[in-house]
Amino acid sequence: MATTNNDPTTTRTVLEPLLTFDPTLHSHTSIKSIATNSQSFIYLGTSSGSLLLLSINPDTPNEKNPSTKDPNSTLDFDVPSRNVSFIKSVSVGDSSVETVLLLDEIGKVIVLSDGFLFLTDSGLVQPVRKLGFLKGVSFITKRVKSSESECSDLLGFSSLEGASTSSRILSRLGGGVRVNGVKDFVQKSEGDYVFAAVVGKKLMLIELRVGKNDKEVDLMVLKEMQCIDGVKTLVWINDSIIVGTVIGYSLFSCITGQSGVIFTLPDVSRSPLLKMLWKEKKVLLLVDNVGIVVDAHGQPVGGSLVFRKGPDSVGELASYVMVVRDGKMELYHKKLGGCVQTVSFGSEGFGPCIVADEESGNGKLVAVATPTKVIFYRRVPTEEQIKDVLRKKNFKEAVSLVEELKSDGEISDEMLSFVHAQIGFLLLFDLHFEEAVNHFLQSETMQPSEVFPFIMRDPNRWSLLVPRNRYWGLHPPPAPLEDVVDDGLMAIQRAIFLKKAGVDTTVDEDFLMNPPTRADLLELAIKNMSRCLRLCFERFTLKEGVDTLLMYLYRALNRIDDMEKLASSGNSCIVEELETLLDESGHLRTLAFLYASKGMSSKALTIWRILAKNYSSGLWKDPAREHELLDGNTNVISGREVAATEASKILEELSDQDLVLQHLGWIADVNPLLTVQVLTSEKRVDQLSPDEIIAAIDPKKVEILQRYLQWLIEDQASCDTQFHTLYALSLAKSAIETFEVQSTSQEPDDGKLEETKISDPGGNSIFQSPVRERLQIFLQSSDLYDPEEVLDLIEGSELWLEKAILYRKLGQETLVLQILALKLEDSEAAEQYCAEIGRPDAYMQLLDMYLDPQNGKEPMFNAAVRLLHNHGELLDPLQVLETLSPDMPLQLASDTILRMLRARLHHHRQGQIVHNLSRALNVDAKLARLEERSRHVQINDESLCDSCHARLGTKLFAMYPDDTVVCYKCFRRLGESTSVTGHDFKRDPLIKPGWLVTR
C-alpha cells in the first residue's frame with residue numbers, strides 16, 4: 001500500500017490511498033495507457049497489446065455488461081473499505097495499446113494501437129473490430145463541448161463541401177440495406193460520436209456511426225485538414241483543436257481549417273503535454289514545469305501553475321490539478337496555485353507514471369499507473385478534510401479551505417456557517433475569545449442562544465430552549481466561562497511542563513511564553529461574549545434571554561453606561577431575573593431605566609425620588625460635585641438634576657394624574673422648569689385636569705403656577721375667565737412684591753445698578769422677561785379677565801401703567817390721561833391715547849391737564865407746547881387762547897400759537913384748492929362724455945353689422961366705445977357692456993386720449 005507524505009508547508013489531506021492492483025497477475029507486461037469513467041471502471045492498455053477491464057466493488061454493477069449501469073450513479077467512495085476486481089482482458093494486437101478513448105455516451109471504447117483504431121464495447125463483451133482503412137494514426141481525441149451555442153454542426157458543414165460518398169465512407173462493417181450506395185444509418189442518433197485523429201500530416205474529423213442493432217458501424221470523415229508534423233499531444237474543445245509539437249502549441253479551427261501559433265517552446269524543453277480541465281472546460285498547456293490555462297480560443301485565462309518538476313502526466317480532481325513524476329503525486333490548487341498535498345508511491349527513478357481521472361472533473365476516484373502496478377486513491381470527503389485541519393488546530397487553513405470549497409460550489413452556505421461556528425467553539429476553548437466571537441458573527445445559522453451555557457449555569461429558565469448542537473464533537477460541551485478559563489489555564493500549565501520535557505503541544509506559543517492571568521482572561525471572555533450578543537441581535541430567537549444575559553455580562557464588567565443604555569432602550573430583559581441583582585449591587589439607575597422601559601412607571605419614579613433624596617442629603621456621593629472639585633467644571637449636571645430629569649421624562653407621557661401629582665413636589669424642588677415640562681407636556685394621551693393641577697401646585701411655587709396658566713391661555717387657547725383672572729392676579733401680586741423689594745433695597749446712588757441686580761432674583765427663574773412686562777402685555781392683550789378685581793389688588797400700589805391699562809379697559813378716559821400725563825409724565829403715550837380716542841376735545845382735555853395739573857403741581861408748559869406743536873391744527877385757536885394760563889411765558893406760546901394759526905389758515909386754503917380742482921375735473925369729464933355721446937356716424941347702403949354682417953340700411957344700430965357698429969338685434973343680444981370683440985367695458989373701461997383732463 002502506498003503511503004502519504006504531506007509537505008511540511010501543507011496541512012490538507014485531499015487524497016488517501018484506497019486500493020492497489022498488480023496487473024502482472026493477468027498480463028506479464030507493463031502498462032502503457034489508462035482510462036477511468038464515472039462508473040468506477042478502469043481500462044488498462046498494456047505494452048503487449050492487451051486491454052484489461054477492472055472494477056471497484058464488482059457487486060454493484062452488472063459484471064457481464066457494465067454499460068447497463070446507470071450512468072448517473074456513482075459508488076460511495078466515502079467508505080474506504082473497497083476491493084478492486086479484475087473483470088476481463090481482450091487482445092487488441094501485438095503492439096502496445098497507446099490510447100484508450102472512452103465513449104461512455106454510446107457505451108463504446110476506441111483503442112489506438114500500432115497506428116490502427118479498434119472498437120469494442122465498454123464491457124469488453126463484443127469482439128474487438130478494426131475500424132476501416134485508417135493507417136498511421138498517431139493520436140486521437142474526442143470533442144469536448146463547453147456549451148452547444150459555442151459549437152458548430154460539423155455534419156451540416158461537411159455536406160456543404162460536397163464530399164463524395166466514396167471518400168467519406170471508409171469502413172463498412174456488418175450488413176445493412178443500401179440506399180443510393182450508402183447503408184441506412186440514422187443521422188445524429190444516440191449512437192453517433194465525433195472525434196479527431198492525426199493521420200500522418202493530416203488532421204481528420206471523424207464521426208462514428210452505430211446502427212440501431214449495435215452491429216453496423218461506419219466512420220464518416222467530416223473534414224480533412226493539413227496538420228503539423230511531429231504531433232505529441234492533442235485536445236479538441238468546441239470548434240478549436242489545440243495541437244502540441246516539439247516546436248510549440250498551435251490552434252486549428254475545425255470550421256475553416258486555418259491554424260495559428262499559440263506560442264513556441266524553448267529550444268531545450270520537455271515534451272509538450274495538454275490536459276483537458278473538464279470542470280472548467282479549459283485546457284492546461286505544459287511548458288516544462290509551468291502549466292498555463294487557456295480557453296477554447298487559445299487565450300490564457302487566470303494565472304499559471306508552477307510545478308516543482310516537469311510532470312509525466314497530469315490529472316484533475318475538483319479544484320485541484322494532479323501531477324505525477326518520480327514516484328510522487330502532487331496536488332496543486334487551480335486558483336491559488338499552491339501545493340496542498342504530496343503523495344509518495346515509489347522511489348526516485350521509479351519510471352514513467354500515468355494518472356487517470358474521471359471526465360466529470362469532479363469525481364472521487366484517481367488511478368495512478370506505474371509500469372508494474374495501479375494505485376487507486378479516493379478523494380477524502382470535504383467534511384473529513386475540514387475535520388483533519390481543525391484537529392491540527394490550523395484554523396486559518398480551515399477557513400481558507402471552506403472558502404475555497406464554497407467558491408467552487410462544493411459546500412452550501414449552511415455548511416460554511418456551520419464550520420465558522422465549529423471554529424469559533426474550538427477557539428473559545430483555546431482561550432482565543434476575540435477570534436472565536438469573530439467566527440460566531442460570520443456564521444449565519446448559529447443561534448446566539450448557543451452561548452447561553454457559557455454565561456449562566458444550568459439549570460435556568462432557558463436551559464431547555466437552548467439548542468444542544470454538538471457539531472463534530474471536536475470541542476468539549478459548553479461550560480460557564482469561569483470553568484473554560486480554569487481548564488484553559490490548566491492546559492497551559494501542562495503544556496509548559498511538557499515543553500520543558502521536550503514534548504510538542506498544540507497550545508498557543510504566546511500563552512507558553514507569557515501565561516495570562518485568570519482575571520485578564522475572564523474579563524476578555526466577558527467582553528467578547530457581550531460583543532457577540534450585542535452584534536447578533538437580528539438573528540436572536542430568544543431575545544429575552546439574550547438581553548437578560550447581556551445585562552449580566554455588563555454588570556460583571558461594571559460597564560454602567562452600557563447597562564443604562566440597554567435598560568433604557570427597547571429591550572427584552574426579564575425584570576424578575578434582574579431586579580434583585582441590580583438592587584443588591586447598587587445599580588439603581590439601571591433598574592429605574594429598566595422599570596421605565598417595561599412600563600413600570602411607579603417603581604421607576606420611586607427609585608428616581610430615592611436617588612434625588614440621597615444625593616441632596618449627602619448619603620451618596622454626587623459624581624457631579626466630585627468632578628467639579630477635580631477640574632473646576634461647574635457645567636456638570638448634578639445627580640439630583642439627573643434624577644429629576646429622568647423622572648420628568650416618565651411623567652411627561654403619563655396620564656395617571658394621581659401619580660403625576662405624587663411626584664410633582666420633589667421635582668419642583670429640584671428644578672421648576674422640569675415641573676413645567678411635565679405639566680405642559682403634549683406627549684400624554686389624556687391631558688390632566690387644570691383645576692386639580694392648579695390646586696395641587698405649591699402656593700410658594702408662583703412661577704410654576706404662572707407658567708402653567710400662561711400655557712393654558714396662550715398654547716391651549718383657554719377662554720375660561722377664571723384662569724385669565726387668576727393669571728392676572730398672580731402676575732399683579734408678583735409685580736407688587738418685586739416693586740416693593742426693589743424700592744426697599746434701592747440706594748440713591750446706585751438705583752439703576754441695584755434694580756438690574758434684583759430684577760431677576762434667582763438664577764433658576766422660569767421666565768426670561770420681568771414680571772411687570774409680562775403683566776402689562778397680558779393686561780393689554782386679554783379681554784377675559786376681570787379688570788375691576790385686578791384693579792382692586794393694585795389700587796394702593798405704584799403700578800401706574802398697569803392701572804392706566806385697567807382704566808382703559810373700563811373706559812375711564814380721564815383717569816387714563818391723568819396717569820399718563822401727570823403720574824407717568826409720558827407725553828407721547830398720552831397723545832397716542834388721545835389719537836385712539838379720535839375726538840378733538842381729548843386734546844383740549846389733555847392741554848387743560850398740562851396747564852392746570854392741580855394738587856400743587858407746577859404747570860407742564862413744555863408738554864403743553866409739545867401738544868400744540870404736534871396737534872395744534874386740530875384745536876380751536878380761540879379755545880386754546882382762552883385756556884392758556886396767564887403765567888405761561890410769552891416766548892414759549894407766541895411762536896406755537898402763530899404756527900398753529902398759520903397751519904389752520906393753510907389747511908383751510910388747501911381745502912379750497914382741492915374743492916375747486918375737483919369741480920374742474922368734474923366739468924371736464926362731463927364735457928368729454930357729452931362730446932362722445934354727440935358723435936356722428938355715417939351709414940350707407942354698404943355698411944354691415946360687425947356681428948351678423950347683415951346690411952344696416954335703414955335699420956336701427958348701435959356703436960360701442962371701441963367704434964364697433966352692430967344692428968339693434970345684435971345689440972340686444974350682446975348687451976350694453978360687451979362689444980363684438982368681446983371687450984367688457986364694465987370690467988376693463990376704455991379710456992381714449994381725448995377724454996383725459998390735462999389741466
Do Gln687 and Glu682 come within less than 4.5 Å of each other through their side chains, counting heavy atoms only? yes
pair Tyr595-Trp608: side-chain heavy atoms closer than 4.5 Å: no
Taking side chain as C-beta onward, heavy atoms only, is Asp962 less than 4.5 Å from Phe985? yes
Compile the donor-acceptor pairs under 3.5 Å between side chains in residues 730-737 and protein atoms, sequence neighbours left out, one pair per line.
unit_1	atom_1	unit_2	atom_2	d
Ser730	OG	Gln706	NE2	3.1
Ser734	OG	Gln706	NE2	2.8
Ser734	OG	Ser730	O	3.1

Can you list every pair that meets ring-ring contact (aromatic ring centres under 6.0 Å, His included) and has a residue in residues 772-794, with sequence neighbours left out? His724-Phe778, Tyr727-Phe778, Phe778-Tyr785
Got a donor-acceptor contact below 3.5 angstrom from the Thr725 side chain to the Gln722 backbone? no
Work out which heavy atom in Tyr850 is nearest to a heavy atom in Ala830; give both atom names and the distance. OH-CB, 4.0 Å
Salt bridge (charged side-chain N to carboxylate O under 4.0 Å, His left out), that's the test. Do Lys857 and Glu825 meet it? Break it down for me. CA-CA 12 Å; Lys857 191 172 183 179; Glu825 296 183 358; 3.2 Å; yes
Salt bridge check, Asp841 against Arg839: does any charged N sit closer than 4.0 Å to a carboxylate O? yes
Assess, by modelled atom type and distance only, whether the side chains of Trp800 and Glu798 contain a donor and an acceptor separated by less than 3.5 Å. yes
Once rounded to the nearest 0.5 Å, what's the spacing between atom CD of Gln780 and atom CD1 of Ile805? 4.0 Å
Can a donor-acceptor pair be found between the side chains of Gln845 and Gln818 at a distance below 3.5 Å? no
Could you tell me the separation between the CD atom of Glu795 and the NZ atom of Lys803, rounded to the nearest 0.5 Å? 5.0 Å
Validation row: Ser797, Phe739 side chains within 4.5 angstrom (heavy atoms): no
Looking only at heavy atoms, which two atoms of Ala842 and Leu817 are closest? And how far apart? O-CD1, 4.3 Å
Are Glu652 and Lys649 ion-paired here, with the side-chain N under 4.0 Å from a carboxylate O? no
Leu594 vs Asn571, side-chain contact (heavy atoms from CB on, under 4.5 Å): CA-CA, chis, key distance, verdict: CA-CA 8 Å; Leu594 185 60; Asn571 61 82; 3.6 Å; yes
For Ser572 versus Asp547, what's the shortest heavy-atom pair and its separation? N-OD2, 2.7 Å
Could you report the tightest heavy-atom contact between Leu659 and Leu651, atom names first, then the distance? O-CD2, 4.2 Å
side-chain contact (heavy atoms from CB on, under 4.5 Å) assessment of Leu729 paired with Val790: CA-CA 6 Å; Leu729 291 174; Val790 180; 3.9 Å; yes
Side chain proximity check, Leu605 to Leu654, heavy atoms < 4.5 angstrom: yes
Would a 4.5 Å heavy-atom cut-off, applied to side chains only, mark Val660 and Gln657 as touching? no
So do Phe593 and Met563 actually touch side chain to side chain, heavy atoms under 4.5 Å? no
Heavy-atom pair with the smallest gap, counting every atom of Val642 and Arg589: CG1-NH1, 3.1 Å
Residue pair His983 / Thr981, side-chain donor-acceptor N/O under 3.5 Å: no
Cationic N near anionic O, under 4.0 Å, Glu831 to Arg866: yes
For the pair Ser655 (side chain) and Arg684 (backbone), establish whether a donor and an acceptor sit closer than 3.5 Å, ignoring hydrogens and angles. no
Just checking, Arg774 and Phe767: is the charged tip under 6.0 Å from the six-membered ring centre and within 45° of the axis? yes
Within a strict 4.5 Å, meaning less than it, do heavy atoms of the Ile693 and Leu661 side chains meet? yes
